[in-house]
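Right, I'll just put the structure down here and ask away after.
Note: hydrogens, waters and symmetry copies are ignored here, and every other heavy atom, side chains too, is used.
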Amino acid sequence: MQKKLGASALAIAAVAAASLGGTGTASATGIESLTSGSLPLITFATPTGSMEGPSRQHQEANTRRNTFGLRFMSMPPALGLTGGSLEDGTTTAWRPSGGLFGMSAGDKWSPGVTFWGGVSYASTENDFAATAFDDDTYSLSAGVDKKFGKFTVGLYASASVSDTESSFNGGSSNTTTLTMGPYLNYQLNDMFRFEVNLGGNVGEVDNRRVAGAAVITGNQDTAGWFASGAANIDHWIGNFGLNGRLGYLFADSKNSPYVDSTATAIAGVESHFEQLQVSGQVSYYVGGSSGVGFLPYIKAEYLYDISREELRTAPGTLQPANDRDEIVLGAGFSVFSDGPISGGLSFTKGFARDQFDNWSLSGNVSYAF
């Protein structure tokens, strides 16, 4: 599973575009809920520090989706910006001619290799008293891809820093993560497109919590991988674009065991996560003789956690909601010049997941030659 990829991918991707390590809340019975790195919370019998639950997984996936959504924004077929070449081999590109037309044989600039970079900020808040926390995540990502007919094959890398504060125990964590992986986009025709995104990550988590007058610290390593795929359908009615997406994510994460500053041994943990993603998007393309194209859009997503660990507090106490689905609403835009430079901005806000509030902002710029 990717650790906080900027846009954003974003994910996370999201993605996605999102980690606490070896942290939890102790109960009178010695049972606690523990989160490790980007892992969902699971039950352990060791008193550790702060926690954040499965929200980390959701945040990372969202960052990746935003990141690669901006990179592969659907355009009117005559522009050819998503496919790069027509079925007859004619290369197409943006040119200042009312917005839509294919590149002629005399044009020198033709999309083939694209370098891109992105930044992302994500905020997550848990307001359930027994597990309350605030998290701020900053991500930087970069990638390069090459077109081979209808295929686009690329490689990306990202770095992220996350600061988390938990009010219920004076806990905090600082997480740094590096992620790298390949991606593939296949443009079957003007309507159907398929995507695959793989990634692996390594990270380090510095933990802190307060127990009475003592400040307890600890450090651990994290590692993980993820795989995601999606099918897209694009349809244009004049300058209006309609997009539908059906995606699936699988992630596996491990956190190493460590010994905290009180000589308490904290066990390592492993977790798996699966999510179904369904979304729809409406956009409108505006272009003119100035050579600048503008594509604003709105979107809605439904997310369902097929499989994940649940957040648990001490037996006999009020438990967190642990709901598995979420609605994400978003808006953004892409801008295209009369040359090889393009860019975009995306904002998303999560709803309907009890006890959690989250939003993200992602930006992207690319240069094709």
Query raised in the report: With respect to Val161, which candidate in Leu140, Asn174, Thr137, Thr175 satisfies the side chain to side chain contact (heavy atoms under 4.5 Å, CB included) definition?
Result: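 Single pass found, and it is Asn174.
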
Requested in this report: With the side chain counted from C-beta on, respond yes when Leu242 and Val282 share a heavy-atom pair under 4.5 Å apart, and no when they do not.
Outcome: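 Yes, at least one pair of side-chain atoms sits under 4.5 Å.
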
Query raised in the report: Do Trp116 and Val365 have side-chain heavy atoms sitting under 4.5 Å apart?
Result: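 No. Closest side-chain heavy atoms not under 4.5 Å.
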
Query raised in the report: Cluster partners of Ile216, using ILVMFWY side-chain heavy atoms under 4.5 angstrom, listed by chain and number?
Result: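 Direct or chained contacts put Ile216 with none.
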
Requested in this report: Quickly, which of Phe294, Phe240, Trp236 forms a ring-ring contact (aromatic ring centres under 6.0 Å, His included) with Tyr284? Name it, please.
Outcome: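 For Tyr284, the ring-ring contact (aromatic ring centres under 6.0 Å, His included) test succeeds with only one of Phe294, Phe240, Trp236, which is Phe240.
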
Query - Euclidean distance, Phe133 CZ relative to Asp127 CG, rounded to 0.5 Å - result: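 CZ of Phe133 is found 10.0 Å from CG of Asp127.
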
Requested in this report: Verify whether one side chain among Glu195 and Tyr183 offers a donor that lies under 3.5 Å from an acceptor in the other.
Outcome: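 No - no donor-acceptor pair under 3.5 Å links their side chains.
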
Query raised in the report: Which heavy atom in Ser362 sits nearest to a heavy atom in Ser120, and how many Å separate them?
Result: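 The answer is OG-OG, 3.4 Å.
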
Query raised in the report: After noting the C-alpha distance and the side-chain angles of Asp221 and Val202, does the key distance pass the side-chain contact (heavy atoms from CB on, under 4.5 Å) rule?
Result: CA-CA 7 Å; Asp221 297 323; Val202 293; over 6 Å; no

**Report entry** Residues which pass ring-ring contact (aromatic ring centres under 6.0 Å, His included) with Tyr121, listed by chain and number, not counting sequence neighbours
**Finding:**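 Partners of Tyr121 under the ring-ring contact (aromatic ring centres under 6.0 Å, His included) test: Tyr138, Trp359.
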
Query raised in the report: Within the side chain of Lys146, is there an N or O that forms a donor-acceptor pair under 3.5 Å with the backbone of Val153?
Result: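 A pair under 3.5 Å: no.
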
Query raised in the report: Would you say the side-chain atoms of Ser253 and Ser271 include a donor-acceptor pair closer than 3.5 Å?
Result: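 The answer is no; no qualifying pair exists.
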
Query raised in the report: At their closest point, which heavy atom of Arg353 faces which heavy atom of Asp305, and how far apart are they?
Result: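 Closest pair (atom of Arg353, atom of Asp305, distance): NH1-OD2, 3.1 Å.
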
Query - Partners passing side chain to side chain donor-acceptor pair (under 3.5 Å) against Tyr186 (at least two apart in sequence or in another chain) - result: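 Residues passing side chain to side chain donor-acceptor pair (under 3.5 Å) with Tyr186: none at all.
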
**Report entry** Shortest non-hydrogen contact from Tyr156 toward Gly199
**Finding:**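 Minimum heavy-atom contact is OH-CA, 3.8 Å.
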
Query raised in the report: Quick one: do Val259 and Val205 end up in the same hydrophobic cluster if we chain Ile, Leu, Val, Met, Phe, Trp and Tyr together by side-chain heavy atoms under 4.5 Å apart?
Result: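 Each belongs to a different hydrophobic cluster.
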
Report task. Compare every heavy atom of Phe192 with every heavy atom of Ile233, then report the nearest pair and how far apart it is. Result ->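 Residues Ile233 and Phe192, closest heavy atoms: CD1-CE2, 3.7 Å.
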
Requested in this report: Show your working on side-chain contact (heavy atoms from CB on, under 4.5 Å) between Leu184 and Phe194 and close with a plain yes or no.
Outcome: CA-CA 8 Å; Leu184 172 71; Phe194 302 91; over 6 Å; no

Query - Candidate pair Asn219 and Tyr258, rule side-chain contact (heavy atoms from CB on, under 4.5 Å), full reasoning - result: CA-CA 7 Å; Asn219 178 277; Tyr258 71 100; 5.8 Å; no

Query raised in the report: Is Asn239 reaching over with its side chain to a backbone N or O of Tyr285, donor-acceptor style, under 3.5 angstrom?
Result: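 Yes.
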
Query raised in the report: Which residues satisfy the salt bridge (charged side-chain N to carboxylate O under 4.0 Å, His left out) test with Glu204, sequence neighbours excluded?
Result: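 Partners of Glu204 by the salt bridge (charged side-chain N to carboxylate O under 4.0 Å, His left out) criterion come out as none, since no residue qualifies.
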
Report task. Mind listing the closest non-hydrogen atom pair of Thr348 and Ser360 along with its distance? Result ->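 It is OG1-OG, 2.5 Å.
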
Query raised in the report: So, for Leu188 and Lys150, which heavy atoms are closest and what is the spacing to 0.1 Å?
Result: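 Nearest pair, atom of Leu188 first, then Lys150: O-NZ, 3.1 Å.
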
Query - Same apolar cluster (I L V M F W Y, side chains within < 4.5 Å links), Ile266/Val215 - result: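 No, Ile266 and Val215 fall in different hydrophobic clusters.
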
**Report entry** Point-to-point distance, once rounded to the nearest 0.5 Å, from CG of Leu329 to CZ of Phe347
**Finding:**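 Between atom CG of Leu329 and atom CZ of Phe347 there are 9.5 Å.
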
Report task. Check which hydrophobic residues are tied to Met180 through side-chain heavy-atom contacts below 4.5 Å, counting indirect links as well, and list them. Result ->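 Noted: Met180 shares its cluster with Leu155.
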
Query - Rounded distance [0.5 Å steps], CD1 in Ile306 versus CZ in Phe273 - result: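 So the gap between those two atoms works out to 9.0 Å.
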
Query - Interatomic spacing from CZ in Arg208 to CD in Glu165 - rounded to 0.5 Å - result: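 Those atoms lie 7.5 Å apart.
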
Query raised in the report: Listed by chain and number, what are the salt bridge (charged side-chain N to carboxylate O under 4.0 Å, His left out) partners of Asp357, not counting sequence neighbours?
Result: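 Salt bridge (charged side-chain N to carboxylate O under 4.0 Å, His left out) list for Asp357, sorted by chain: Lys349.
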
Query raised in the report: Out of curiosity, Ser123 OG to Leu361 CG, how far, rounded to the nearest 0.5 Å?
Result: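 Reported value, rounded in 0.5 Å steps: 11.5 Å.
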
Report task. Indicate yes or no: at least one non-hydrogen side-chain atom of Asp260 is less than 4.5 angstrom from one of Asn207. Result ->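 Of all side-chain heavy-atom pairs linking Asn207 with Asp260, none is under 4.5 Å.
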
**Report entry** side-chain contact (heavy atoms from CB on, under 4.5 Å) between Thr152 and Lys147, intermediate numbers included
**Finding:** CA-CA 4 Å; Thr152 300; Lys147 304 194 74 63; 2.8 Å; yes

Query raised in the report: Are Phe250 and Val278 in one and the same hydrophobic cluster, where Ile, Leu, Val, Met, Phe, Trp and Tyr link if side-chain heavy atoms are under 4.5 Å apart?
Result: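 In one cluster with Phe250: Val278, yes.
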
**Report entry** From CA spacing to verdict: side chain to side chain donor-acceptor pair (under 3.5 Å), Ser346, Tyr297
**Finding:** CA-CA 9 Å; Ser346 174; Tyr297 67 87; 3.3 Å; yes

Requested in this report: Look up atom CG in Leu246 and atom OG in Ser279, then write down how far apart they are to the nearest 0.5 Å.
Outcome: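 One finds 9.0 Å between CG of Leu246 and OG of Ser279.
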
Report task. Return yes if a side-chain donor-acceptor contact under 3.5 Å exists between Thr164 and Asp135, otherwise no. Result ->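 Yes, side-chain donor-acceptor contact under 3.5 Å.
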
Requested in this report: Taking Ser261 for its side chain and Thr217 for its backbone only, find out whether a donor-acceptor pair lies under 3.5 Å.
Outcome: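 Yes, the answer is positive, given that a donor and an acceptor are paired below the 3.5 Å cut-off.
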
Query - Check: Ser256 main-chain N/O paired with Gln220 side-chain donor or acceptor under 3.5 Å - result: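 Such a contact is found between Gln220 side chain and Ser256 backbone.
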
Query raised in the report: Are any non-hydrogen side-chain atoms of Gln277 and Arg245 less than 4.5 angstrom apart?
Result: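 The answer is yes, as the side chains (C-beta and beyond) meet within the 4.5 Å cut-off.
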
